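Notes follow the structure.
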Amino acid sequence: MALKNKDLLGLRGLSKDEIEEILDTAELMKYILEQDHKRTPHLQGRSIVTLFYENSTRTRLSFELASKYMSASMANVSASSSSVAKGESLIDTGKTIESMGADVIVIRHPVSGAPHLLAKHVKASVINAGDGINEHPTQALLDMFTIRQKKGTLCKLKVAIIGDILHSRVARSNIWGLTTMGAEVRVAGPATLIPPDIEGMGVKVFYNADNAIKGADVVMGLRLQKERQQKGLLPSIREYTSLFGINRERMLLARKDALIMHPGPINRGVEISSDIADGEQSSINEQVTNGVAVRMALLYLLTRRNKDAMH
Amino acid sequence: MLCIKNGIVVDGVSPKPYKADILVDGDKIVEIDYGLSTSADTVIDATGKYVLPGLVDAHCHLREPGFEYKEDIGSGTRSAVAGGFTSIACMPNTKPVVDNGALVRFIKMRAREEEAAKVYPIAAVTKGLNGEELTEMWELKEAGAVALSDDGRPIMNSRIMRLALQYAKGLHMLIISHCEDLELAGDGVMNEGYMSTVLGFKGISRAAEEVMVARDIILAETLDAPIHIAHVSTRGSVELIRQAKRRGVKVTCETAPHYFSATDEWVDGYDANTKVNPPLRTGDDVEAIKEGLRDGTIDIIATDHAPHHRDEKEVEYSLAASGISGFETAFSLAYTHLVEAGVISLPQLVEKMSKRPAEILNIEGGKLEVGKTADIIVVDLARVFTVDVSQFYSKGKNSPFHGHTLKGKVVHTIVDGRVIMENERITV
């Protein structure tokens, strides 16, 4: 059993079997990460290029280390956001990178659907490392991996995602993935930050954080961009925090053993209080470790798929 | 002398099609009768086909001057003829903007040189389409502008819109309004709704169109001035216009073929050929557009032919240009989705794509009658074909209908008595 497509563009449309394959493979990769000698030959001779049109620290570093731990050749290309609108087109840039031998192109881009466009025009595998407000599938996979490790399963778990759902690619990918795996997903946030008709994606919508968190197995916070207030979507950060901030008092409503997650970077004291972010229930740092394992798994599965296809 | 023999004629006047031959001498129709025996030097055999008045498009973009890499008056008028349009009205958002008499005359001159479809320029309402200062509308009218529009850009300032309607009314000129509240539209790129949520795009709400439709209706109503609403795409707009018409407001409107043939579900896959403004809406809106066409709320079908270069479409969706190359699919889409689907009859289609647009723009065309100019098309309604953009005469290959199977095709187009398209081949 392998991945159906040459690319990982999103969790929308990915089957339960495919997700399980990725998570199972990541278990093995995590074992490798726990060794003193973190090096495997899985990607020897393979070439990985990251193409980032937006700033990123953890996602890019995570892909870079994943590639290096598996002995791949790897390079990073940074394109400033301004070069999106002018200069070389995305397709041309992608073909240039492919012409230099890249087997996998990892792309982050401010426009939704940009990885899909790239994937149509290159033979290399394309991994979406975040596109606009659409998807961030590797983040959701590492979240699901973390939940599965802690809870043993994803099925029937109550997962509350709190915050700016409208602008969150992390939320969208988690919704697609978690609902596919049989979890019960709740989203909560100010009405101006809930996308229209999101119930159609199979989630329950709450405009009140307390109700969403009540009885939850997992509580996931999202980064709130300060510019949402400037754009008029919120009256104030203060009011946001008092209504939707994840804090100790609110967490009493969740299950006792509830897991607290956040994709980072955190606005301490805004969407999550420091005591909770750093507390026992928090898996925020472990999420980062698991991110490397999941990305190793994906790189391995996608390049193996290419090899299978050649024979 | 040219004779079109044995066709079934839908003349734009009679309620029922009838079998007849049409005799053309010079640029005029001289006889319409069954079984004409003539010694015409050119005979078009229309056996089994329908003969209609040439289509009239009240809304297209020919891109010349300034954007000849997208389209020029030569390619645009040939594309129009290929789609069965004998007269077309082009929008002024060229570079420079058509906001002075000299440019109106230039476009007319260029169209005459090309000898394909007849072109009627629409001039700008405000200088440079800036929405601030009215153009010299009298001069524009004298030069030959058939209407005024800032299409592509809404006139956001309600006071300027009101003054424009008032001033144009005094000159008996029609204003065509592109209804879009830019603040509400924001940085949306597709219809706001379930699909924008699924695809991770900022949406453009229906309200962005509807609040401006409502505003323009109120302004026109209080001034008792005529107004034409461009590219209606939502259920709410149709309902606002329906109510206004009942009250006797002098409002007319158009929709474009993609608003009854495609939905926002087509955006799935991120193909920028589905990007258009206003955006493709939902299935519910499509039903409302069809109902509006059926009950007469929507007066006409206009193409909003908006050719773009491949390089402007093979980019990230948000960066892609908005618009669909529409001339060469308009008739077939309308026939397939409206007539074949039982929404309206063929004579009603002729009314909406030929007779009424000519009336609204106050130009000739729309009828096949003795003594009228011979703008005639012959269509094969049995013809089933697959849209292939590489076969377009337009430079703009940007169509979301590429690869789709449609029914009904224009095979011959006669402009001013001259056969400009014969057997689907342009002859000029």
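These numbers come from a predicted model, not from an experiment. The sequence lines fix the lettering, A, B, ..., with proteins before strands; numbering per chain opens at 1. The basis for the numbers below is simple: all heavy atoms, side chains too, and nothing from hydrogens, waters or symmetry mates.
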Side chain to side chain contact (heavy atoms under 4.5 Å, CB included) partners of T386(B), counting only residues at least two apart: T405(B)
Does the Y194(B) side chain pair with the main chain of G200(A), one donor and one acceptor, at a distance under 3.5 Å? yes
Rounded to the nearest 0.5 Å, the CG atom of D187(B) sits from the NZ atom of K231(A) at a distance of 6.0 Å
Enumerate by number any residue of residues 387-404 of chain B whose heavy atoms lie under 4.5 Å from heavy atoms of chain A; in the absence of such residues, state 'none'. none
Set of residues satisfying ring pair (Phe, Tyr, Trp, His ring centres under 6.0 Å) with respect to H61(B), sequence neighbours excluded: H59(B)
OH-CG distance between Y317(B) and N134(A), expressed to the nearest 0.5 angstrom: 13.0 Å
How long is the straight-line distance from OG of S112(A) back to CG of L199(B), given to the nearest 0.5 Å? 8.5 Å
Does E227(A) CD have over 12 foreign heavy atoms under 6.0 Å away? yes
Evaluate the criterion side-chain contact (heavy atoms from CB on, under 4.5 Å) for residue pair D268(B) and R12(A); output intermediate values, then yes/no. CA-CA 11 Å; D268(B) 200 351; R12(A) 178 177 177 225; 2.6 Å; yes
Within a reach of under 6.0 Å around CZ of R162(B), are more than 12 heavy atoms found that belong to other residues, nucleotides or ligands? no
Counting only non-hydrogen atoms closer than 4.5 Å, does L117(A) touch chain B with its backbone (N, CA, C, O), its side chain (CB onward), both, or neither? side chain
Sorted by number, residues from residues 167-177 of chain A in contact with chain B (heavy atoms, under 4.5 Å): H167(A), R172(A), W176(A)
Can you say whether I133(A) sits under 4.5 Å from chain B via the side chain, the backbone, both, or neither, judging by heavy atoms? both
Side chain of T197(B), backbone of P196(A): donor and acceptor closer than 3.5 Å? yes
If only atom types and distance count, is the side chain of K120(A) paired as donor or acceptor with the main-chain N or O of G269(B) below 3.5 Å? yes
Rounded distance (nearest 0.5 Å) linking atom CD of E316(B) with atom CG of L90(A): 4.5 Å
Would you say that more than 12 heavy atoms from the other residues, nucleotides or ligands in this model lie under 6.0 Å from the NZ of K290(B), or not? yes
